[in-house]
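The block underneath contains the structure these notes are about, expressed in structure tokens.
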Amino acid sequence: MGLTAADYKQIRTALDKCHKPLFLFDDDPDGLCSFVLLYRYADKGKGIPVKPVPRITLDYERRVQEYGPDAIFILDIANVDQEFLDAMTVPVYWLDHHEPAERENVKYFNSRTQGKMEPTTVMAYKTVKQNMWIGMVGGVADWHLPSFRNTFAKKYPKLWKPVKTPPEALYGTPVGKLVRIISFNLKGKNEDIMKAVRILTRIETPEELLDGTTARAKFLLKRYEKVNKHYVRHVKNAEKHRDKNFLLYEYSDSFSLSSDLSNELLYRNKGCVVIIARPKDDEMRMSFRGDGKNVVRDAVKELAAKHGGYGGGHEYACGGSIPRANFEQFIADFRKAMKV
Ligand SMILES: [Mn+2]
């Protein structure tokens, strides 16, 4: 099912009519690709990544007022506080695919409520129907095979091959490499990220980015390669930490690579429960992955709260954070709950 034709039309009309849209998006490839698609179609506006926590609180009201938009688009963010929505004086369109929320004063589009889950990028592509390659990249990044993949394959035969599962696309096709180029450009200092986002909105073709045929694409590739060196080292190290069906890897790095690492380590260790943990200040930030019977989110949500932290996300892919002092006990409780 997904969203209806009327839903897509409503979002498209909003993009056509506004003059100064503000896009608030999740700082992962799905969020960023959603933004790039809508921004390019609208050909106007400004984008702000929501980080480090994917939640829009009343604090964002100041950011909104600084810009003075006439429409707001929230992309791929699971948590938007009602107080923020109540404070808005212009229309707010919210596209998401996490657990459906009950909110007022917002035009809410969630691909889950209609019985199917499509990443936000896929909704964004179906809204604008242009720049299909960005739609593919954001969709695959969120562990999804977009419904338009056969059309994409005809248009870009070198970038795709028939695959049965999203990780095969992520780790076995050039689309997967594009996912990492985009993901790794979202790491690091805020000003670097903002520069990368600006450049990304101007890249014209997937080949430009993959082959670095322009100075701007070369810039993004260089940043990707720098982060990728760290990434490859961590993948190697992490594989030494598997204990039967449980893989816990703690690492320190100036880049936060946890969700990228947990995706690839689950792919390389099927049937495992994977936790990638990185200390940050007094907290332990974690990324969790499971497959098959290993629904990780419910145990994460419950046990993180019990240990003074928080957690949530998708059933098989979620994140969380707890005080460092409680980390060992949390892990012990989590393994018990997951029976691994
Ligand atoms: Mn997403």
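Starting from 1, each residue takes its place in the sequence as its number. Only a predicted model underlies this, so the values are computations on that prediction, with no experimental measurement involved.
- The cationic atom of Lys107 (NZ for Lys, CZ for Arg) lies less than 6.0 Å from the six-membered ring centre of Tyr93 and within 45° of the ring axis.
- Ion pairing between Glu283 and Arg285 holds under the 4.0 Å rule for side-chain N and carboxylate O.
- A distance-only check finds a donor-acceptor pair linking the side chain of Asp70 to the backbone of Lys20 [under 3.5 Å].
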Evaluate salt bridge (Lys or Arg N to Asp or Glu O under 4.0 Å) for Asp253 paired with Arg278, printing each intermediate quantity in order.
CA-CA 8 Å; Asp253 202 300; Arg278 175 174 173 256; over 6 Å; no
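- For Arg55 (side chain) and Asn79 (main-chain N/O), no donor-acceptor pair under 3.5 Å exists by modelled atom type.
- Using a 4.0 Å cut-off between charged side-chain N and carboxylate O, Glu66 and Arg62 make a salt bridge.
- At a threshold of 4.0 Å, the pair Lys164-Glu168 does not count as salt-bridged, since none of the basic side-chain nitrogens sits closer than that to a carboxylate oxygen.
- For Lys270 and Tyr267, the positive end sits near the middle of the six-membered ring, less than 6.0 Å away and at most 45° from its axis.
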Taking it one step at a time, do Tyr41 and Asp16 satisfy side chain to side chain donor-acceptor pair (under 3.5 Å)?
CA-CA 9 Å; Tyr41 173 84; Asp16 288 335; 2.8 Å; yes
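- For the pair Trp94 (side chain) and Ile77 (backbone), a donor-acceptor distance under 3.5 Å is present.
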One pair to check against ring pair (Phe, Tyr, Trp, His ring centres under 6.0 Å): Tyr39 and Phe35. What are the steps and the verdict?
CA-CA 6 Å; Tyr39 174 80; Phe35 159 65; 5.2 Å; yes
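- Ring geometry, Tyr249 versus Tyr251: the interplanar angle falls under 30°, so the pair is classed parallel (tilted spans 30 to 60°).
- Remark: the backbone N or O of Gly139 is not paired with any side-chain donor or acceptor of Tyr125 at under 3.5 angstrom.
- The aromatic rings of Phe73 and Phe23 sit parallel to each other, their planes meeting at less than 30°, with 60° as the upper class boundary.
- Remark: side-chain polar atoms of Lys187 are not paired, donor with acceptor, to backbone N or O of Phe255 under 3.5 angstrom.
- Relative orientation of the His314 and His97 rings is tilted, given thresholds of 30° and 60° on the angle between their planes.
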Give every donor-acceptor pair under 3.5 Å between a side-chain atom in residues 173-181 and any protein atom, sequence neighbours left out.
from, atom 1, to, atom 2, distance (Å)
Thr173, OG1, Ala169, O, 2.7
Thr173, OG1, Val175, N, 3.3
Thr173, OG1, Gly176, N, 3.3
Arg180, NH1, Leu170, O, 2.9
Arg180, NH1, Gly176, O, 3.4
Arg180, NH2, Leu170, O, 3.4

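- Side chains of Thr4 and Asp7: a donor-acceptor N/O pair is present below 3.5 angstrom, by distance only.
- Between the side chain of Arg324 and the backbone N or O of Asp281, at least one donor-acceptor pair lies under 3.5 Å.
- Side-chain N or O atoms of Asp26 include none that pairs as donor or acceptor with a backbone N or O of Gly31 at under 3.5 Å.
- In terms of modelled atom types and a separation under 3.5 Å, the side chain of Arg40 and the main chain of Val36 share no donor-acceptor contact.
- The salt bridge (charged side-chain N to carboxylate O under 4.0 Å, His left out) test applied to Asp333 returns Lys306, not counting sequence neighbours.
- Annotation: side chain of Leu32 is in contact with side chain of Leu186 (closest heavy-atom distance under 4.5 Å).
- Between the side chain of Asp96 and the backbone N or O of Asn110 there is no donor-acceptor pair closer than 3.5 Å.
- A salt bridge does not link Glu99 with Arg112: none of the charged nitrogens is closer than 4.0 Å to a carboxylate oxygen.
- At a threshold of 4.0 Å, the pair Arg216-Glu208 counts as salt-bridged, since one of the basic side-chain nitrogens sits closer than that to a carboxylate oxygen.
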